[in-house]
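Basis for what follows: all heavy atoms, side chains included, without hydrogens, waters or symmetry-related copies. Residue numbering restarts at 1 for every chain, and letters A, B, ... go by the order of the sequence lines.
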Number of protein chains: 2
Amino acid sequence: MENHSDILKRNGLSVTESRKKILELFLDSEGALAHADIEKNTDVAFDRVTVYRTLQTFVDKGIIHQIPTTDNSILYALCKHNCQQGHHHDNHVHFICNSCDKTFCLDDVTVPDVKLPKGFTPAQAAMVVTGVCIDCKG
Amino acid sequence: MENHSDILKRNGLSVTESRKKILELFLDSEGALAHADIEKNTDVAFDRVTVYRTLQTFVDKGIIHQIPTTDNSILYALCKHNCQQGHHHDNHVHFICNSCDKTFCLDDVTVPDVKLPKGFTPAQAAMVVTGVCIDCKG
DNA sequence: TAAAACTTGCAACATTATTGCAAAAATCTT
DNA sequence: AAGATTTTTGCAATAATGTTGCAAGTTTTA
C-alpha cells in the first residue's frame, strides 16, 4: 500500500514535513480542498508561502489537479488516475454541493465530448455540476 | 433596437454613467471580460468598488453570467438569452483560447447532460473547453 | 558524514476584495 | 419642474490573497 512518502518519492520530490502533511490532508479528505482549507487546518501551521508552493508543485507533478469555480477560489483534488508530469487525466466531472459546499470528483463520470463550431480545436474540457450531493439529499 | 439604457430599465435598474459604460463594454466585446479588463480599460475610470458592485448587480439581474476558470479570476459574459433574475439560462459551453486568451460563449453548443451517480441531484452544469480558437488556428 | 541540492520561512510588497458612511446622482411625487 | 425620496457612487479603512528574493535550515547525494 502506497503511503505519503512513496507518492512523493515516486514523483521525484524530497520528502518533507509540509509535503507529507498537506498530502495527508488530501488523502484523508473526501472532497476537494481550497488553499484556505489547508491554511486554516489547525494541524498544519506552515507558512502561507509554503502552502502556495507545495500546491503548485503537486499540480506540476500531477499529484493534484485544479477544479474551476466561479467564486474566485481554486479548488484542488487528488488525481486518482496516474497523471504524468504536465499531462493530467482529470477528465472527470466535478460536483459541488449547494448545501454542504463540498466538492466531489466523480471519477467514473467522464466529461462528454461536444461538437464545437468549425475552426475551434479542443485541447481539454472541464465540467462542473452543482446541485445536492448524496450526503445532503432528503 | 434595444440600447444600454433600455436593458438597464427593463431590469429595474437606475440608469447611471458607470452602468451604461460597463454594459457598453460587454456589448462591444466579443468575448468575456474579467474584472481587471474593465478596470484597466482607459475609457472607464470608476472606482474599483463601483466595478465590483456593478458586476454583482448585473449577475443578480441576469444581465451577465460568470464563467468558471482555474486561474483565480472570474470571467463575465453577457447573457444572450433571456435570463430572469436569479435564474440563468447560460447553459452553453465556454471556450478559452490558449493562444489569444480570449473567451468565447458558444451560444449554440449546449452543455450535454451527464448521468450522475445515485444520490446526486444536479441543478446547474458548466463546461469550459480550452484549445485553439477560430482566430488563432493555422 | 560532508557537500550539493533543494525547501522553508521571513520580510516586504503587490494585487484583489469587502464594508460603512457621507456626498452625489437618479427617480419619484406632486 | 422642484423638492423629497431612494439609490448609487467614491473615499477611506481594512481584510484577504498572491508573489518574490534571500538567508537559514533540511533533505538527498555521493
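Residue T16(A) places at least one side-chain N or O closer than 4.0 Å to OP1 or OP2 of dT8(C). Within the structure, a side-chain polar atom (N or O) of S18(A) is placed less than 4.0 Å from OP1 or OP2 of dT8(C). Between R19(B) and the phosphate of dT8(D), there is a side-chain N or O to OP1/OP2 separation shorter than 4.0 Å.
Both I74(A) and L25(A) are assigned to one and the same hydrophobic cluster, defined by single-linkage of ILVMFWY side chains at heavy-atom distances under 4.5 Å.
If you measure from atom OH of Y52(B) to atom C1' of dA16(D), you get 11 Å, rounded to the nearest angstrom. The nearest whole Å value for the distance from the CG atom in N11(A) to the P atom in dT7(C) is 12 Å. Distance CD (E39(B)) to P (dG10(D)): 12 Å, rounded to an integer number of Å. Distance CZ (R48(A)) to P (dA12(C)): 16 Å, rounded to an integer number of Å. Rounding to whole angstrom units, CZ of residue R53(B) and P of dT9(D) are separated by 8 Å. Distance, L55(A) CG to dT7(C) P: 15 Å, rounded to whole Å.
In this structure, the nucleotide among dC11(D), dT7(D), dT28(D) sitting nearest to the side chain of D47(B) is dC11(D). Distance from the side chain of V49(A) is smallest to dT19(D) among dC11(D), dT27(C), dT19(D).
By the neighbour-count criterion of 12 heavy atoms within 6.0 Å, atom CG of D113(A) is sparsely surrounded, having that number or fewer from other residues, nucleotides or ligands. More than 12 non-hydrogen atoms from other residues, nucleotides or ligands lie less than 6.0 angstrom from CG of D71(B).
Of the candidates F58(A), Y76(A), Y52(A), H35(A) forms a ring-ring contact (aromatic ring centres under 6.0 Å, His included) with just one, namely Y52(A).
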